[in-house]
Amino acid sequence: MSNDYSERLGDLSDATKHIGKLNITSIANEKLFSYMETMLLIRLTEQAIAKLVIDGHIKCPCHLAVGQEAIPTGISDSLKKSDYVFGNHRSHGHYLALGSDLDNLLAEVLGKATGCSGGMGGSMHLGSPETGFLGSVPIVAGTIPVATGAALAAKMSAKGQIAVSYFGDGSTEEGGFHESMNIAAVYNLPILFVCENNLYSSHLDINLRQPNDKISRYAKAHCIKSKVLDGNDVVSVACCANQLIGDIRSGAGPAFLEVITYRWLGHVGADENIDVGVRRSQKDLDAWKKRDPIKRLKEAMIDNGLLDLTSLENMNLEIQERVDRAVRKAMAAPYPSKDVLMNLVYSG
Amino acid sequence: MNNKINYGEAILQGFQYLLSNHSNVFTIGQGLWSPWYVGNSMRDLEKDFGKDRVLDTPVSEQGCTGVALGASLCGYRPIVIHPRVDFLILAVDQIVNQAAKWSHMLGGKGNRPTVTIRGIVNRGGEQGAQHSQVLHSWFAHIPGLRVVMPATVQDARDLLIASVLTDDPVVYIDDRWLYDEEAVLPPPVDLTLIGIEPNLLREGDHVTLVGASYSVKLCLQAARQLENENINSDVIDLRVISPLNVDKIVQSVSKTRCLVVVDGGWGPCGLAGEIIAAVSERMGPCQYVTSRITLPFAPAPTSKVLEDIYYPKVEDVVSRVKEQFNKLNQ
């Protein structure tokens, strides 16, 4: 482990690099198809949500992760339903990649009783305990200590479970993040910290918020093993996560995965936000769209003869139909009954 | 044979009972392996139950509170310890934003946040503004939290057990000024906070005295002095200040028409004002008087001369009651 804390992201944050097709030779074909399906599901779902926002059907704040689909897709491949996963304000992808129910997500963002949180949470408060997604909340570093506690529970229970904490680069500027990293290191907890470094916190560029754009330097400082990757390369995310998660399960203690990515849309809502982002320009956005995680996998699969344009189009249509069905079902679903307002406050 | 135990030992007994009888209970916080922080209330727990169930932590109020919350969502019933309420303020995001709202905002799915947050009030002795606070009213303002303030030796133990075994986040606040109170207790049993009501500790027709935690002691001492002057008091120990149940207070004030609330916190937007308001909303059209005794609206001082005028005393309660009683009977 290098002790150089001044090393920067370099190439990894350069939109013009890492745009070629992926190296997929180390991965089984069925896995590649499954990654493609999951990433398409996340993308098409979020695009449907964006449309519902624009059309005025969704009122709750929606933080979309279009462009970031490879990260939860790659990581979830090594997770089990008995693991404990926590998200944040931008968690549709975290939720879906675990195989959580699509209908329930659409219903939730529309505030319906059939939502994954009973219509009480909206986009920012998602849960799906049956798939291991214990919760997401919009207080930025809020779930990092909570996920660390789930890791303590996993260690105490000694059944080989692990915890995963997803957070953005902005949350590493809050104290709860550092307290959690310290506790996880001191107690040797089975947790994977995943920093989705999309180079922006709300409107503000990372270079205007931190003296260095490489977040994993904090892991070094807390004596936690870390890896830094192109977050738009699903194969590399999946392989690295698989190794880290395997180590964590076998008692190696916490690990930190920094994945560099970029969101195509604004901090919140359905527009591209190039007007409010400090240093966020159309030029950058266009460049990052060429580093599209879906496109790069698609090109590699076509190149290797695993996929042709027709079968890809069919896959796309099939998923789009699933999403459209979920939207229709959610639109027709009932709102929560008025008694839940008071009935859910206390256990009795 | 003297089987009396004191308030601090009663808390210890509560921990011993919980750790012995419930394998999903553990406790975590700063100073747990040092009696210096938590008095006699957790003595030797780490020796008796192991350091993997009695965890001393880094200096991380927010972190360790969130850790306890997270473990609770995975089926545990942790008790997180803050040796001073003042430091607990650093954990407020985890208590107010996360624990209190978790079940509600996630539609009641999954495990409930069965975490107990113990804050110890440790004031006096010239400790000053950041080592002396009681902030129960803050937490009683938050839906989703239960706030528990034991006044008696038995409640110190039993309300701890009930807090831990109730399926909600609970803020349990004990006061070191009560640690030398003594009583003989029956054996501990499993309990829940659901249905726990304020206790009428003393009956009288002339005045209703209401307090929580240490304030109850002041009320009882004042009641004894007032009895010598033929003023008889109902003394009501709130026990649980949120959700607040004022039925007994309304009943009592309907009889005495004189309500004096003693609170160890500040007046504005505080517990005493809330009780007076909640009772007023329920009272019929009759004449009654109300008054509250709280801290001066200033941070705690250090100098003993100022401390002496800062904390309410029994004499303050006695004279306020007489003043109110005379007002009513003019």
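Here is the naming used below: chain letters follow the sequence lines, and residue numbers restart at 1 for every chain. Everything numeric here is computed off the predicted structure, so don't read it as measured data. Atoms considered below: every heavy atom in the structure, side chains included; atoms not considered: hydrogens, waters and symmetry mates.
- Contacts from residues 185-194 of chain A to chain B, taken as heavy-atom pairs separated by less than 4.5 Å, involve A:Tyr187 in sequence order.
- Contacts between A:Pro129 and chain B at a heavy-atom distance below 4.5 Å involve the side chain alone, from C-beta outward.
- Neither side chain, A:His63 nor A:Glu46, offers a donor N or O lying under 3.5 Å from an acceptor on the other.
- Here the side chains of B:Pro188 and B:Arg157 are in contact, with some heavy-atom distance below 4.5 Å.
- For A:Leu126, the part lying near chain B is the backbone, with the side chain staying farther off; criterion is any non-hydrogen pair under 4.5 Å.
- Enclosure of atom NZ in B:Lys248 by more than 12 non-hydrogen atoms of other residues, nucleotides or ligands within 6.0 angstrom is indicated.
- Highest contact tally toward chain B, considering only A:Leu152, A:Asn182, A:Thr148, A:Ile139, is held by A:Ile139 [criterion: heavy-atom pairs under 4.5 Å].
- Other residues, nucleotides and ligands place more than 12 heavy atoms under 6.0 Å from the CD atom of A:Glu130.
- Taken to the nearest 0.5 Å, the CG atom of A:Asp101 stands 9.5 Å off from the OG1 atom of A:Thr131.
- Here the side chains of A:Leu102 and A:Leu41 are in contact, with some heavy-atom distance below 4.5 Å.
- Looking at A:Ser157, the atoms closer than 4.5 Å to chain B (heavy atoms on both sides) sit in the backbone and in the side chain alike.
- Using a 30° and 60° split on the angle between ring planes, A:Phe133 and A:His94 fall in the tilted class, from 30° to 60°.
- Taking each heavy atom of B:Asp56 and B:Gly31 in turn, the nearest pair found is OD1-N, 2.8 Å.
- The ring of A:His267 has its center closer than 6.0 angstrom to the ring center of A:His89.
- Ranked by non-hydrogen atom pairs under 4.5 Å with chain A, the options B:Asp167, B:Asp168, B:Asp52 are led by B:Asp168.
- Within residues 166-174 of chain A, no residue approaches chain B closer than 4.5 Å by heavy atoms.
- By number of non-hydrogen pairs under 4.5 angstrom with chain B, the leading residue of A:Gly142, A:Gly121, A:Gly149 is A:Gly149.
- Among residues 339-346 of chain A, the residues having any heavy atom closer than 4.5 Å to a heavy atom of chain B are, in sequence order, A:Val340, A:Leu341, A:Leu344, A:Val345, A:Tyr346.
- Looking only at heavy-atom pairs under 4.5 Å with chain B, the residue among A:Gly118, A:Ser180, A:Ala113, A:Cys116 that has the most is A:Cys116.
- Contact annotation for A:Phe177: neither backbone nor side-chain heavy atoms come within less than 4.5 Å of a heavy atom of chain B.
- Taking the side chain as every heavy atom from C-beta outward, B:Trp102 and B:Leu73 approach each other to under 4.5 Å.
- Side-chain contact between B:Ile194 and A:Ser347 is present, with heavy atoms from C-beta onward closer than 4.5 Å.
- Counting heavy atoms from C-beta outward, B:Leu159 and B:Leu193 have side chains that approach closer than 4.5 Å.
- Ranking B:Lys101, B:Glu61, B:Gln98, B:Arg53 against chain A, the residue ahead of the rest is B:Gln98, based on heavy-atom pairs under 4.5 Å.
- With contacts defined as side-chain heavy-atom distances shorter than 4.5 Å, the pair A:Leu106/A:Ile49 qualifies.
- Counting non-hydrogen atoms of neighbouring residues, nucleotides and ligands closer than 6.0 angstrom, the NE2 atom of B:His141 reaches no more than 12 such neighbours.
- In this structure, the side chains of A:Asn88 and A:Val137 stay at 4.5 Å or more apart for every pair of heavy atoms.
- Of the atoms belonging to A:Leu134, heavy atoms from both backbone and side chain fall under 4.5 Å from chain B.
- Within the 4.5 angstrom heavy-atom criterion, no atom of A:Met124 approaches chain B.
- Interface remark: B:Leu145 contributes backbone atoms only to the contact with chain A (heavy atom separation under 4.5 Å).
- Cation-pi geometry between A:Lys225 and A:Phe256 is not met: the NZ or CZ atom fails to fall both under 6.0 Å from the ring centre and inside 45° of the normal.
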Chi angles and distances behind the side chain to side chain donor-acceptor pair (under 3.5 Å) call for B:Thr65, B:Gln94: CA-CA 6 Å; B:Thr65 305; B:Gln94 289 299 321; over 6 Å; no
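- Sorted by first and then second residue, the pairs that involve residues 78-98 of chain B and meet ring-ring contact (aromatic ring centres under 6.0 Å, His included), not counting sequence neighbours, are B:Phe87-B:His131.
- Residues A:Met331 and A:Leu52 meet the side-chain proximity criterion, which asks for heavy atoms closer than 4.5 Å.
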